[in-house]
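Okay, structure first, notes after.
Just so it is clear, the model here is predicted, and its values are computed rather than measured.
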Amino acid sequence: MSGTLYVVATPIGNLKDITFRAIEILESVDYIGSEDTRKTSILINHFFKGREKEMQNKLFSYYDQVELQKIPYLVAQLKEGKNIAIVSDAGTPAVSDPGFKFIRECVKEGINVVSIPGASSILPALTSSGLPTDKFLFLGFLPQKPGHRIKFLENIKENLKTINSTVIIFESPYKIKRSLVDMQSVFGDIEIVIARELTKLHEEVIKDTISNVLDHYKKGIKGEIVILFNLK
(Lines give C-alpha, C1' and ligand atoms only; values in the text may rest on other atoms or scores of the structure.)
Protein backbone atom coordinates (compact mmCIF):
# COMPACT_ATOMS: atom_id res chain seq x y z
CA MET A 1 0.00 0.00 0.00
CA SER A 2 1.35 3.39 -1.02
CA GLY A 3 2.18 6.06 1.49
CA THR A 4 0.86 9.61 1.50
CA LEU A 5 2.34 12.90 0.39
CA TYR A 6 1.43 15.67 2.83
CA VAL A 7 1.56 19.29 1.65
CA VAL A 8 2.14 21.10 4.93
CA ALA A 9 1.67 24.84 5.39
CA THR A 10 4.06 26.47 7.87
CA PRO A 11 4.06 29.97 9.44
CA ILE A 12 4.92 32.98 7.27
CA GLY A 13 6.49 34.72 10.25
CA ASN A 14 4.89 34.23 13.62
CA LEU A 15 5.63 30.66 14.72
CA LYS A 16 2.38 30.55 16.70
CA ASP A 17 0.50 30.36 13.40
CA ILE A 18 1.34 26.69 12.86
CA THR A 19 -1.55 24.25 13.35
CA PHE A 20 -1.68 21.31 15.75
CA ARG A 21 -2.31 19.05 12.77
CA ALA A 22 0.79 20.30 10.94
CA ILE A 23 2.94 19.47 13.98
CA GLU A 24 1.38 15.99 14.22
CA ILE A 25 2.03 15.29 10.54
CA LEU A 26 5.65 16.46 10.65
CA GLU A 27 6.15 14.24 13.68
CA SER A 28 4.60 11.18 12.06
CA VAL A 29 6.06 11.15 8.53
CA ASP A 30 9.20 9.31 7.45
CA TYR A 31 10.72 12.20 5.52
CA ILE A 32 10.31 15.99 5.32
CA GLY A 33 11.21 17.72 2.06
CA SER A 34 12.29 21.26 2.78
CA GLU A 35 12.83 24.21 0.44
CA ASP A 36 15.52 25.44 2.87
CA THR A 37 16.57 23.00 5.59
CA ARG A 38 18.09 25.83 7.65
CA LYS A 39 14.73 27.58 7.96
CA THR A 40 12.85 24.34 8.62
CA SER A 41 15.41 23.54 11.32
CA ILE A 42 14.33 26.69 13.18
CA LEU A 43 10.77 25.36 13.17
CA ILE A 44 11.88 21.91 14.31
CA ASN A 45 14.08 23.27 17.11
CA HIS A 46 11.17 25.36 18.38
CA PHE A 47 8.43 22.72 18.36
CA PHE A 48 10.31 19.46 18.95
CA LYS A 49 12.58 20.25 21.87
CA GLY A 50 14.46 17.17 23.03
CA ARG A 51 13.80 15.43 19.71
CA GLU A 52 15.69 17.79 17.44
CA LYS A 53 18.18 15.20 16.16
CA GLU A 54 15.47 12.65 15.38
CA MET A 55 13.47 15.25 13.45
CA GLN A 56 16.52 16.66 11.68
CA ASN A 57 17.29 13.17 10.37
CA LYS A 58 13.99 13.27 8.45
CA LEU A 59 14.95 16.41 6.55
CA PHE A 60 16.06 16.46 2.94
CA SER A 61 16.61 19.45 0.67
CA TYR A 62 13.87 20.02 -1.90
CA TYR A 63 13.95 23.17 -4.03
CA ASP A 64 13.28 24.23 -7.63
CA GLN A 65 16.66 23.28 -9.07
CA VAL A 66 16.55 19.68 -7.77
CA GLU A 67 12.82 18.99 -7.91
CA LEU A 68 12.73 17.10 -11.21
CA GLN A 69 15.71 14.88 -10.45
CA LYS A 70 14.37 13.88 -7.03
CA ILE A 71 10.79 13.11 -8.06
CA PRO A 72 11.38 9.52 -9.34
CA TYR A 73 13.11 8.49 -6.12
CA LEU A 74 10.48 10.15 -3.92
CA VAL A 75 7.61 8.58 -5.86
CA ALA A 76 9.30 5.18 -5.45
CA GLN A 77 9.56 5.77 -1.69
CA LEU A 78 5.89 6.63 -1.51
CA LYS A 79 4.96 3.50 -3.47
CA GLU A 80 6.93 1.46 -0.91
CA GLY A 81 4.69 2.83 1.83
CA LYS A 82 6.75 5.73 3.13
CA ASN A 83 4.97 8.94 4.12
CA ILE A 84 6.51 12.24 3.03
CA ALA A 85 5.75 15.84 3.96
CA ILE A 86 6.89 18.84 1.94
CA VAL A 87 7.23 22.33 3.38
CA SER A 88 8.34 25.64 1.91
CA ASP A 89 10.37 28.42 3.50
CA ALA A 90 7.11 29.94 4.70
CA GLY A 91 3.43 29.49 3.96
CA THR A 92 1.88 26.87 1.69
CA PRO A 93 4.06 24.72 -0.60
CA ALA A 94 3.46 24.87 -4.37
CA VAL A 95 2.01 28.42 -4.18
CA SER A 96 4.82 30.28 -5.98
CA ASP A 97 7.10 27.75 -4.27
CA PRO A 98 8.41 24.25 -5.11
CA GLY A 99 6.04 21.30 -4.96
CA PHE A 100 3.66 21.54 -7.91
CA LYS A 101 5.59 19.13 -10.16
CA PHE A 102 5.96 16.56 -7.39
CA ILE A 103 2.27 16.80 -6.47
CA ARG A 104 1.27 16.47 -10.13
CA GLU A 105 3.35 13.30 -10.50
CA CYS A 106 1.86 11.80 -7.35
CA VAL A 107 -1.68 12.48 -8.60
CA LYS A 108 -0.73 10.92 -11.94
CA GLU A 109 0.60 7.82 -10.18
CA GLY A 110 -2.49 7.47 -7.98
CA ILE A 111 -0.62 8.32 -4.78
CA ASN A 112 -2.67 9.90 -2.01
CA VAL A 113 -1.99 13.65 -1.61
CA VAL A 114 -3.28 15.45 1.50
CA SER A 115 -3.01 19.19 2.01
CA ILE A 116 -2.58 20.44 5.57
CA PRO A 117 -3.94 24.00 5.42
CA GLY A 118 -2.43 26.88 7.32
CA ALA A 119 -0.62 30.15 6.85
CA SER A 120 -0.38 31.96 3.53
CA SER A 121 0.19 35.66 2.92
CA ILE A 122 -2.49 35.86 0.21
CA LEU A 123 -5.65 35.90 2.35
CA PRO A 124 -4.25 37.99 5.26
CA ALA A 125 -3.10 40.60 2.74
CA LEU A 126 -6.50 40.59 1.04
CA THR A 127 -8.61 40.75 4.19
CA SER A 128 -6.55 43.58 5.72
CA SER A 129 -6.35 45.61 2.50
CA GLY A 130 -9.81 47.17 2.55
CA LEU A 131 -10.24 46.13 -1.09
CA PRO A 132 -13.18 44.01 -2.36
CA THR A 133 -12.81 40.40 -1.29
CA ASP A 134 -15.66 38.72 -3.22
CA LYS A 135 -13.48 38.12 -6.29
CA PHE A 136 -9.71 38.09 -6.43
CA LEU A 137 -7.03 37.16 -8.94
CA PHE A 138 -3.70 35.85 -7.67
CA LEU A 139 -0.85 36.33 -10.15
CA GLY A 140 2.14 35.09 -8.17
CA PHE A 141 5.35 36.82 -9.24
CA LEU A 142 5.33 39.00 -12.37
CA PRO A 143 7.52 37.99 -15.35
CA GLN A 144 11.15 39.04 -14.96
CA LYS A 145 11.77 40.34 -18.48
CA PRO A 146 10.52 43.95 -18.90
CA GLY A 147 8.75 43.32 -22.22
CA HIS A 148 7.02 40.19 -20.93
CA ARG A 149 6.02 41.98 -17.73
CA ILE A 150 4.43 44.91 -19.59
CA LYS A 151 2.56 42.57 -21.94
CA PHE A 152 1.37 40.49 -18.99
CA LEU A 153 0.05 43.57 -17.18
CA GLU A 154 -1.68 44.79 -20.35
CA ASN A 155 -3.44 41.43 -20.66
CA ILE A 156 -4.55 41.66 -17.03
CA LYS A 157 -5.93 45.16 -17.63
CA GLU A 158 -7.97 43.87 -20.55
CA ASN A 159 -9.25 40.86 -18.62
CA LEU A 160 -10.32 43.00 -15.67
CA LYS A 161 -12.77 44.77 -17.96
CA THR A 162 -14.74 41.52 -18.11
CA ILE A 163 -14.43 40.32 -14.52
CA ASN A 164 -13.58 42.98 -11.99
CA SER A 165 -11.35 41.44 -9.31
CA THR A 166 -8.89 42.49 -6.67
CA VAL A 167 -5.46 41.60 -8.04
CA ILE A 168 -2.82 40.06 -5.73
CA ILE A 169 0.87 39.96 -6.69
CA PHE A 170 3.98 38.68 -4.92
CA GLU A 171 7.16 40.72 -5.30
CA SER A 172 10.66 40.73 -3.89
CA PRO A 173 12.18 43.86 -2.31
CA TYR A 174 14.83 43.86 -5.05
CA LYS A 175 12.35 44.02 -7.92
CA ILE A 176 9.39 45.94 -6.53
CA LYS A 177 10.38 49.37 -7.87
CA ARG A 178 10.63 48.20 -11.47
CA SER A 179 7.31 46.35 -11.14
CA LEU A 180 5.57 49.42 -9.70
CA VAL A 181 6.95 51.62 -12.48
CA ASP A 182 5.64 49.18 -15.09
CA MET A 183 2.27 48.97 -13.32
CA GLN A 184 2.05 52.75 -13.37
CA SER A 185 2.78 52.83 -17.11
CA VAL A 186 -0.03 50.33 -17.78
CA PHE A 187 -2.68 51.24 -15.20
CA GLY A 188 -1.82 54.87 -14.47
CA ASP A 189 -1.13 56.25 -11.00
CA ILE A 190 -3.71 54.00 -9.35
CA GLU A 191 -4.17 53.41 -5.64
CA ILE A 192 -2.53 50.20 -4.46
CA VAL A 193 -2.00 48.35 -1.21
CA ILE A 194 1.39 47.14 -0.03
CA ALA A 195 1.25 44.39 2.61
CA ARG A 196 4.74 43.77 3.95
CA GLU A 197 6.21 41.39 6.53
CA LEU A 198 2.80 40.01 7.49
CA THR A 199 2.59 38.43 11.00
CA LYS A 200 6.13 39.63 11.77
CA LEU A 201 7.41 42.34 14.11
CA HIS A 202 7.56 45.02 11.40
CA GLU A 203 4.25 44.17 9.71
CA GLU A 204 3.01 47.03 7.54
CA VAL A 205 -0.06 47.57 5.35
CA ILE A 206 -0.21 50.88 3.45
CA LYS A 207 -2.68 52.14 0.86
CA ASP A 208 -1.65 54.94 -1.50
CA THR A 209 -0.99 55.85 -5.12
CA ILE A 210 1.86 54.14 -6.93
CA SER A 211 3.82 57.40 -7.10
CA ASN A 212 3.49 57.98 -3.36
CA VAL A 213 4.45 54.37 -2.61
CA LEU A 214 7.57 54.75 -4.77
CA ASP A 215 8.43 57.93 -2.89
CA HIS A 216 7.75 56.27 0.46
CA TYR A 217 10.20 53.47 -0.33
CA LYS A 218 12.76 55.53 -2.26
CA LYS A 219 15.46 54.50 0.22
CA GLY A 220 14.62 50.85 -0.26
CA ILE A 221 12.28 48.26 1.14
CA LYS A 222 12.84 45.03 3.04
CA GLY A 223 10.87 41.88 3.67
CA GLU A 224 8.23 39.78 1.96
CA ILE A 225 5.85 41.93 -0.10
CA VAL A 226 2.32 41.52 -1.43
CA ILE A 227 0.88 44.10 -3.85
CA LEU A 228 -2.89 44.46 -4.22
CA PHE A 229 -5.12 46.70 -6.33
CA ASN A 230 -8.61 46.97 -7.76
CA LEU A 231 -9.35 49.08 -10.82
CA LYS A 232 -12.92 49.98 -9.76
Side-chain angles (χ1 to χ4, degrees), residues 1-13 15 18-19 21-48 51-122 138-149 152 169-175 179 224-226:
M1 182 177 179
S2 294
T4 297
L5 172 64
Y6 293 97
V7 184
V8 182
T10 55
I12 59 175
L15 291 180
I18 199 166
T19 68
R21 188 179 179 206
I23 292 173
E24 288 176 355
I25 292 298
L26 294 178
E27 186 175 28
S28 69
V29 295
D30 298 290
Y31 305 113
I32 302 171
S34 168
E35 184 181 6
D36 187 334
T37 56
R38 294 166 300 180
K39 293 189 176 181
T40 305
S41 291
I42 295 173
L43 199 70
I44 284 173
N45 293 339
H46 183 81
F47 288 106
F48 299 96
R51 299 181 56 199
E52 293 94 338
K53 186 174 181 180
E54 174 191 346
M55 295 298 296
Q56 295 283 357
N57 287 338
K58 297 183 180 186
L59 281 182
F60 66 90
S61 187
Y62 185 82
Y63 50 93
D64 281 329
Q65 289 76 10
V66 301
E67 184 172 20
L68 285 176
Q69 69 187 59
K70 289 195 173 185
I71 286 175
Y73 173 76
L74 295 174
V75 168
Q77 290 294 301
L78 286 162
K79 285 185 174 180
E80 289 179 8
K82 301 294 186 182
N83 294 313
I84 299 175
I86 55 171
V87 298
S88 62
D89 284 354
T92 302
V95 180
S96 293
D97 275 325
F100 157 67
K101 294 172 185 175
F102 183 21
I103 295 165
R104 177 179 60 187
E105 190 64 22
C106 287
V107 171
K108 179 182 174 183
E109 293 291 328
I111 294 168
N112 192 35
V113 178
V114 176
S115 183
I116 310 301
S120 171
S121 60
I122 299 169
F138 172 61
L139 302 178
F141 289 93
L142 294 177
Q144 293 194 23
K145 293 184 178 180
H148 292 173
R149 189 165 55 249
F152 184 78
I169 298 168
F170 284 165
E171 195 50 280
S172 80
Y174 310 106
K175 301 172 183 176
S179 292
E224 302 295 325
I225 301 159
V226 185

Distance, nearest 0.5 Å, that separates OG of Ser88 from CG of Asp36: 10.5 Å

Could you list the donor-acceptor pairs under 3.5 angstrom formed by side chains in residues 104-120, with sequence neighbours left out?
{"residue": "Glu109", "atom": "OE1", "partner": "Lys79", "partner atom": "NZ", "Å": "2.7"}
{"residue": "Asn112", "atom": "ND2", "partner": "Thr4", "partner atom": "OG1", "Å": "3.4"}
{"residue": "Ser120", "atom": "OG", "partner": "Ile122", "partner atom": "N", "Å": "3.4"}

Short side-chain to backbone donor-acceptor contact, Lys175 and Leu142, under 3.5 Å: no

Ser61 versus Val66, closest heavy-atom pair with distance: O-CG2, 4.2 Å

Residue pair Ser41, Leu59: steps toward the side-chain contact (heavy atoms from CB on, under 4.5 Å) verdict: CA-CA 9 Å; Ser41 291; Leu59 281 182; 3.8 Å; yes

Pair Asn45-Gln56, side-chain contact (heavy atoms from CB on, under 4.5 Å): steps then yes or no: CA-CA 9 Å; Asn45 293 339; Gln56 295 283 357; 3.5 Å; yes

Sub-4.5 Å side-chain heavy-atom contact between Met55 and Ile32: yes

Taking every non-hydrogen atom, the tightest pair across Leu26 and Lys58: O-NZ, 3.2 Å

Rounded distance [0.5 Å steps], NZ in Lys53 versus CG in Asn57: 7.0 Å

Which atom of Ala9 lies closest to which atom of Ala22, heavy atoms considered: O-CB, 4.1 Å

Expected output: side-chain Asn83 to main-chain Asp30 donor-acceptor under 3.5 Å: no

Residue pair Pro11 / Ile18, side-chain heavy-atom distance below 4.5 Å: yes

Interatomic spacing from OH in Tyr6 to CZ in Arg21 - rounded to 0.5 Å: 8.0 Å

Rounded distance [0.5 Å steps], CZ in Phe138 versus CD1 in Ile169: 9.5 Å

Summary of ring pair (Phe, Tyr, Trp, His ring centres under 6.0 Å) pairs that have at least one residue in residues 84-108, sequence neighbours excluded: Tyr62-Phe102

Side chains of Leu74 and Tyr31 in contact at under 4.5 Å (non-hydrogen atoms): no

Ile84 vs Phe60 side-chain heavy atoms within contact, under 4.5 Å: yes

Intermediate values then yes/no, side-chain contact (heavy atoms from CB on, under 4.5 Å), Val226 and Phe170: CA-CA 5 Å; Val226 185; Phe170 284 165; 4.0 Å; yes

Between CG on residue Asp89 and OG1 on residue Thr37, distance to nearest 0.5 Å: 10.0 Å

Shortest non-hydrogen contact between Arg149 and Ser179, atoms and distance: CD-OG, 3.9 Å

Nearest-0.5 Å distance, CD1 of residue Ile44 to CD of residue Glu54: 10.0 Å

Backbone of Pro93 reached by a side-chain donor or acceptor of Asp97 within 3.5 Å: no

Derivation and outcome, side-chain contact (heavy atoms from CB on, under 4.5 Å), residues Glu224 and Ile12: CA-CA 9 Å; Glu224 302 295 325; Ile12 59 175; over 6 Å; no

